[in-house]
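Computation of the quantities below employed the complete heavy-atom set of this structure, encompassing side-chain atoms and omitting hydrogens, waters and symmetry-equivalent molecules. From a predicted model like this one, the values you see are computed outputs, not experimental measurements.
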Amino acid sequence: MMSTTSVSPRTLAINGGSPVRASFLPYGRQSVDEADIQAVVEVLRSDWLTTGPKVAEFEEAFAARVGAAHAVSFSSGTAALHAAAFAAGLKSGDEAITTPMTFAATANCVLYQGATPVFADVSRDTLNLDPEQIAKKVSSKTRAILPVDYAGHPADLTPILEIARRHGLIVIEDACHALGAEYGGRRVGSIADMTVFSFHPVKHITTGEGGMVATNNPQFAETLRRFRNHGISSNARQRQSAGQWHYEMVLLGFNYRLPDIVCALGIQQLKKLDANLARRREIAARYAAAFREISGVIPPAVRPGANPAWHLYPIRLNLERLTTDRPQIFRALRAENIGVNVHYIPVHLHPYYRERFGYNGGEFPVAEDSYARLISLPMFHGMSDQDAEDVIEAVKKVVGSYLK
């Protein structure tokens, strides 16, 4: 008689069991509808594909949404960061304090200007820059502070701005995760000297690639506009409207312009921001309620007075309660068709930074310990309730299998 071996429904997919989902759920994904497509088609049929009327329309709508006097668009969030570093006057010999718990572009924009990024460790609850650590890093060379709103939770802006004002520094808030977030009842984008946003497809709204700098400072705004347009003091549409050809290059800039085609998409996407934020917050609340019950999982914290935008939902593993490490949990969740990711490898641990600045690891213990525990779960406004339940089930299944 032939023997058969049954597989328990709780057997992990990585060990031969059935996955929680039949199809792969990514950690992030854009949502584009027919109105978005039609808006782009209309521009394709117009006279302007690059810097035309849709650029100004998008910038004005965006500035109004975040509560800033000015918004200047760029070809990417990285280009926007570079422009903000330039407008802040960073140059060779200067330093700017930032966080290691971010995508490399935050620190790279300082290097683009010939200045030196100086890292400070993060707070253990939010993984945002710790103001006490910032204060220890200020020197006579410091010119700017670049806090990051990690995962969409606003940085601790009040003490950061106090440090900046005390030392005459400029605050460039990297809010690429935080469009729609609020801090102390104020909208992110209206608080720092300059605030940088991203429109990458996994963000709250998308233009494919794209970025924006919001500011209340008219001099910064004018410098930003010139920097993104080769350093030229006027654009082609302005010259055509004035019926003249003359232009002047007044500073060394780049071609960082965001074209009309994608600004049309941005205008339509911005109309959906409130709904997108509401959906992300619903998913975050569902996750938080479920993960409070799992001893092996530490859900992200929310400080009083903060209303996060939830670009990411990064859990941390309570490794002391588990029989395995983060890589194994990561692989096991992927096998369940849950598209987990990790945000971020601390910037100072990348080979370029190790080789150029001599980092060996151990310099920023909170960031490094957190990195060893972090896993980003799927979080995007197009997720269904069933998608969210699948994520919860998979986390419970996988982490539960490795509990001590």
So does [Y] get a backbone contact from the side chain of [X], meaning a donor-acceptor N/O pair under 3.5 Å?
| X | Y | answer |
| --- | --- | --- |
| His230 | Ile232 | no |
| Thr323 | Tyr402 | yes |
| His204 | Ala309 | yes |
| Glu336 | Ala394 | no |
| Lys404 | Glu320 | yes |
| Asn216 | Ala69 | yes |
| Thr78 | Ala105 | no |
| Asn15 | Leu12 | no |
| Tyr183 | Thr158 | yes |
| Lys272 | Gln268 | yes |

Could you report the tightest heavy-atom contact between [X] and [Y], atom names first, then the distance?
| X | Y | result |
| --- | --- | --- |
| Ala221 | Val72 | O-CG2, 3.9 Å |
| Ile163 | Pro131 | CD1-O, 3.4 Å |
| Val55 | Pro259 | CG2-C, 4.4 Å |
| Phe220 | Asn217 | N-OD1, 3.1 Å |
| Pro154 | Ala306 | CD-CB, 4.2 Å |

Working to the nearest 0.5 angstrom, can you tell me the gap between [X] [atom1] and [Y] [atom2]?
| X | Y | atom1 | atom2 | value |
| --- | --- | --- | --- | --- |
| Ile315 | Arg373 | CD1 | CZ | 12.5 Å |
| Thr98 | Ile172 | OG1 | CD1 | 9.5 Å |
| Ser23 | Asp387 | OG | CG | 8.0 Å |
| Asp149 | Asp174 | CG | CG | 7.5 Å |
| Arg326 | Leu317 | CZ | CG | 8.0 Å |
| Asp94 | Arg143 | CG | CZ | 4.5 Å |

Glu293 and Lys396: side chain to side chain contact (heavy atoms under 4.5 Å, CB included), yes or no, with the steps? CA-CA 9 Å; Glu293 304 170 2; Lys396 289 181 175 179; 4.2 Å; yes
Quick one: list whatever passes ring-ring contact (aromatic ring centres under 6.0 Å, His included) with Phe24, sequence neighbours left out.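 Once residues adjacent in sequence are excluded, Phe24 has no partner under the ring-ring contact (aromatic ring centres under 6.0 Å, His included) criterion.
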Check ring-ring contact (aromatic ring centres under 6.0 Å, His included) between Phe74 and all other residues, then give those that pass, not counting sequence neighbours.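 Counting only residues at least two positions away or on another chain, Phe74 forms no ring-ring contact (aromatic ring centres under 6.0 Å, His included).
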Does Thr126 form a side chain to side chain donor-acceptor pair (under 3.5 Å) with His153? I'd like the steps, not just the answer. CA-CA 7 Å; Thr126 63; His153 189 294; 5.1 Å; no
Any salt bridge between [X] and [Y], counting N to O under 4.0 Å?
| X | Y | result |
| --- | --- | --- |
| Glu389 | Arg286 | yes |
| Arg226 | Glu222 | yes |
| Arg124 | Asp130 | no |
| Glu162 | Arg165 | no |
| Glu57 | Lys54 | yes |

Check Tyr371, Tyr359, Phe357 against His348 for a ring pair (Phe, Tyr, Trp, His ring centres under 6.0 Å) and give me the one that passes. Tyr359
Going through the checks in order, is the side chain to side chain donor-acceptor pair (under 3.5 Å) test met by Asn108 and Tyr353? CA-CA 10 Å; Asn108 290 350; Tyr353 280 84; 2.7 Å; yes
Yes or no on side chain to side chain contact (heavy atoms under 4.5 Å, CB included) for Thr99 and Asn128, after CA distance, side-chain angles and deciding distance? CA-CA 7 Å; Thr99 168; Asn128 283 327; over 6 Å; no
Residue from Asp385, Val20, Asn337, Val395 passing side-chain contact (heavy atoms from CB on, under 4.5 Å) with Asp390: Val20
Could you point out which residue of Asp36, Thr207, Asn276 forms a side chain to side chain donor-acceptor pair (under 3.5 Å) with Gln269?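 Passing option: Asp36.
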So, for Phe227 and His82, is the gap between ring centers shorter than 6.0 Å?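 Yes, the ring of Phe227 comes within the 6.0 Å limit of the ring of His82, centre to centre.
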Do Phe199 and Phe62 have their ring centres less than 6.0 Å from each other?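 For Phe199 and Phe62, the ring centres are under 6.0 Å apart.
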Can you tell which of Arg65, Arg228, Arg257 makes a salt bridge (charged side-chain N to carboxylate O under 4.0 Å, His left out) with Glu59?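 Passing option: Arg228.
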Which of parallel (below 30°), tilted (30 to 60°) and perpendicular (above 60°) describes Tyr344 and Tyr150?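 Ring orientation, 0 to 90° scale: perpendicular.
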When the ring planes of Phe119 and Phe364 are compared, do they come out parallel, tilted or perpendicular, using 30° and 60° as the limits? perpendicular
How far apart are the C-alpha atoms of Val43 and Val262, what are their side-chain angles, what is the distance that settles it, and do they pass the side chain to side chain contact (heavy atoms under 4.5 Å, CB included) test? CA-CA 9 Å; Val43 171; Val262 296; over 6 Å; no
Mark yes or no: Arg280 above the aromatic ring of Tyr313, with NZ or CZ under 6.0 Å from the six-membered ring centre and no more than 45 degrees from the axis. no
Measure the shortest side-chain to side-chain distance between Arg356 and Leu111 over non-hydrogen atoms and say whether it is less than 4.5 angstrom. yes
Would Val171 and Ile160 count as a side chain to side chain contact (heavy atoms under 4.5 Å, CB included) here? Give the steps. CA-CA 8 Å; Val171 176; Ile160 290 173; 4.2 Å; yes
